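No hydrogens, no waters, no symmetry mates; every other heavy atom, side chains included, goes into these values. Residues take their numbers from the sequence shown, with the count starting at 1. Because the structure is a prediction, the values reported are computed rather than measured. Numbering of ligands and ligand atoms starts at 1, following listing order.
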Amino acid sequence: MLVSATEMLKKAVEGHYAVGQFNINNLEWTKAVLATAQELNSPVILGVSEGAGKYMTGFTTVAEMVKAMMDEMKITVPVALHLDHGTYEGCYKCIKAGFSSIMFDGSHYPIEENVEKTKELVKVAHAMGLSIEAEVGSIGGEEDGVVGMGECADPAECKMIADLGVDFLAAGIGNIHGKYPANWKGLSFETLAAVQEKTGKLPLVLHGGTGIPADMIKKAIDLGVAKINVNTECQLSFAEATRKYIEAGKDLEGKGFDPRKLLAPGFEAIKATVKEKMELFGSVGRA
Ligand code: 13P
């Protein structure tokens with residue numbers, strides 16, 4: 001059964017670790033993340049961007065696939081199905097489709113409008129038993145058409161949004177979606193500490209988890225980050241393993257073209273990346 005992410009993230013704050021959000025794209029992705037979480041006895045959050053939802057034919061397909069898969073795979077660890085960087089309309093669609101958690105990304109609106117829309121969605125999400133994430137400041141780079149300039153969040157604005165009753169908060173702290181450029185200045189721990197000071201025990205979310213060095217991840221967790229989003233890194237591992245298989249001509253040997261064989265190395269590569277992240281985030285054995 002899907003659960004909201006509230007409880008697992010509260011526990012993560014208390015236990016000083018973070019739960020990974022891994023974005024899913026298709027059946028192989030979903031199966032790889034669920035299998036790894038179960039093997040490692042770790043809670044997990046499946047992230048679905050609006051673009052990925054559309055790609056999979058709609059949020060209802062995603063929710064039904066995830067629920068059926070959990071059932072067939074006998075998944076017993078806590079799993080939340082979460083909308084990533086949702087629009088106002090997208091949030092309503094996911095609530096209707098049976099997601100257990102949503103993110104409303106109103107960071108591109110003036111703060112008053114972000115507050116207004118987040119406030120309404122907090123009420124609706126909570127009435128339906130879902131958890132809700134909001135965003136202040138913006139995550140740099142691009143993810144599925146969502147482009148951010150990467151401004152660091154204003155801690156006073158974070159407090160305004162936190163006070164609306166959101167369950168966890170994404171604050172821009174110099175993090176970027178996709179690969180980090182060579183001249184990246186690193187995370188702004190100054191901003192993170194100031195945000196934490198204003199928001200207390202509210203679980204904080206670190207987007208752009210791909211390519212952040214281990215020591216920065218640890219420090220962010222120390223400063224209240226309890227959810228870390230990873231998307232690009234699984235895509236890169238999948239692509240690399242699939243490329244190697246094809247470049248070695250394995251699809252041309254026997255029935256190597258069978259999709260179950262062709263996609264197997266990529267599937268294993270996603271599992272390895274998810275395992276590595278769960279170990280680094282400290283969520284192993286915390287289910
Ligand atoms: P990366 O693609 O950089 O891992 O970021 C994922 C993310 O933040 C999803 O919202």
Side-chain angles (χ1 to χ4, degrees), residues 5 9 18-25 29-30 32-33 36 44-56 59 62 80-87 90-91 94 99 101-108 131-153 166-182 184-188 192 203-214 216-217 220-221 225-240 269-270 272-278 280-281 283:
L9 294 184
V19 177
Q21 171 192 303
F22 300 95
N23 285 51
I24 56 170
N25 290 287
W29 242 263
T30 313
V33 178
T36 312
V44 74
I45 298 168
L46 303 178
V48 182
S49 66
E50 297 215 354
K54 203 166 160 194
Y55 174 77
M56 289 184 269
F59 294 126
V62 179
L81 179 60
H82 181 71
L83 170 65
D84 190 27
H85 293 285
T87 57
C91 285
C94 286
F99 276 47
S101 188
I102 52 170
M103 172 186 190
F104 171 60
D105 180 357
S107 60
H108 50 286
S131 46
I132 176 165
E133 172 179 349
E135 179 169 322
V136 180
S138 73
I139 316 301
E142 186 265 347
E143 182 183 58
D144 264 343
V146 180
V147 180
M149 300 308 289
E151 308 100 21
C152 278
V166 298
D167 300 289
F168 31 106
L169 179 72
I173 55 166
N175 38 341
I176 297 171
H177 285 133
K179 290 184 185 172
Y180 284 85
W184 179 52
K185 293 190 190 75
L187 296 175
S188 167
L192 183 57
L204 299 173
V205 184
L206 182 61
H207 282 247
T210 295
I212 299 181
M216 287 194 201
I217 293 279
I221 294 173
V225 163
K227 172 176 180 276
I228 304 178
N229 294 4
V230 178
N231 185 5
T232 307
E233 206 155 326
C234 291
Q235 299 183 2
L236 291 169
S237 331
F238 178 85
E240 189 190 356
I270 297 171
T273 299
V274 172
K275 180 171 190 272
E276 188 190 309
K277 297 296 169 193
M278 286 179 166
L280 174 62
F281 302 165
S283 69

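Near His85, the atoms of ligand 1 lying under 4.0 angstrom from a non-hydrogen atom of the residue are 10 (O). Set against the non-hydrogen atoms of His177, the atoms of ligand 1 under 4.0 Å away are 3 (O), 5 (O), 6 (C), 7 (C), 8 (O), 9 (C), 10 (O). For ligand 1 and Val230, the ligand atoms under 4.0 Å from any heavy atom of the residue are 4 (O). For ligand 1, the atoms sitting less than 4.0 Å from at least one non-hydrogen atom of Gly209 are 4 (O), 5 (O), numbered in the order shown with element in parentheses.
Every heavy atom of Glu233 sits 4.0 Å or more from the atoms of ligand 1. Residue contact annotation: Gly47 has no non-hydrogen atom under 4.0 Å from ligand 1. Heavy atoms of Asn175 come nearer than 4.0 angstrom to ligand 1 in no pair at all.
The nearest protein atom to atom 1 (P) of ligand 1, hydrogens excluded, is given as Thr210 OG1, 3.4 Å; this is a heavy-atom distance. In this structure, the protein non-hydrogen atom closest to atom 8 (O) of ligand 1 is Gly208 N, 2.7 Å. Residue, atom and distance of the protein heavy atom nearest to atom 2 (O) of ligand 1 are Thr232 OG1, 2.5 Å. In this structure, the protein non-hydrogen atom closest to atom 3 (O) of ligand 1 is Gly178 N, 2.9 Å.
Remark: of the listed residues Val33, Asp84, Asn231, Asp84 is the sole one forming a side chain to side chain contact (heavy atoms under 4.5 Å, CB included) with Gln21.
Contacts between Asp84 and ligand 1 below 4.0 angstrom, taking non-hydrogen atoms only, involve the side chain exclusively. The part of Ile176 lying near ligand 1 is the backbone, judged by heavy-atom distances below 4.0 Å.
Considering backbone and side-chain atoms alike, Gln21 places every N or O at 3.5 Å or more from each N or O of ligand 1. Of the N or O atoms in Glu143, one or more lie within a sub-3.5 Å distance of an N or O in ligand 1.
Under 3.5 Å, the side chains of Ser131 and Asp167 contain no donor-acceptor pair of N or O atoms.
Between the SG atom of Cys234 and the CD1 atom of Ile24 there is a distance of 11.5 Å, given to the nearest 0.5 Å. Rounding to the nearest 0.5 angstrom, the gap separating the CD atom in Glu233 from the CD atom in Gln235 is 11.0 Å.
Asn175 places a side-chain N or O within donor-acceptor distance of the main-chain N or O of His207, the cut-off being under 3.5 Å. A side-chain donor-acceptor contact under 3.5 Å links Glu50 to the backbone of Thr87. The main-chain N or O of Gly209 is never found under 3.5 Å from a side-chain atom of Asn229 such that the two would form a donor-acceptor pair.
Taking the six-membered ring where the residue is Trp, His82 and Phe168 present tilted rings, their angle falling between 30° and 60°. Using cut-offs of 30° and 60° on the angle between ring planes, the pair Trp29 and Phe238 is tilted.
Proximity of Cys94 to Leu81: side-chain heavy atoms (C-beta onward) are nowhere separated by under 4.5 Å.
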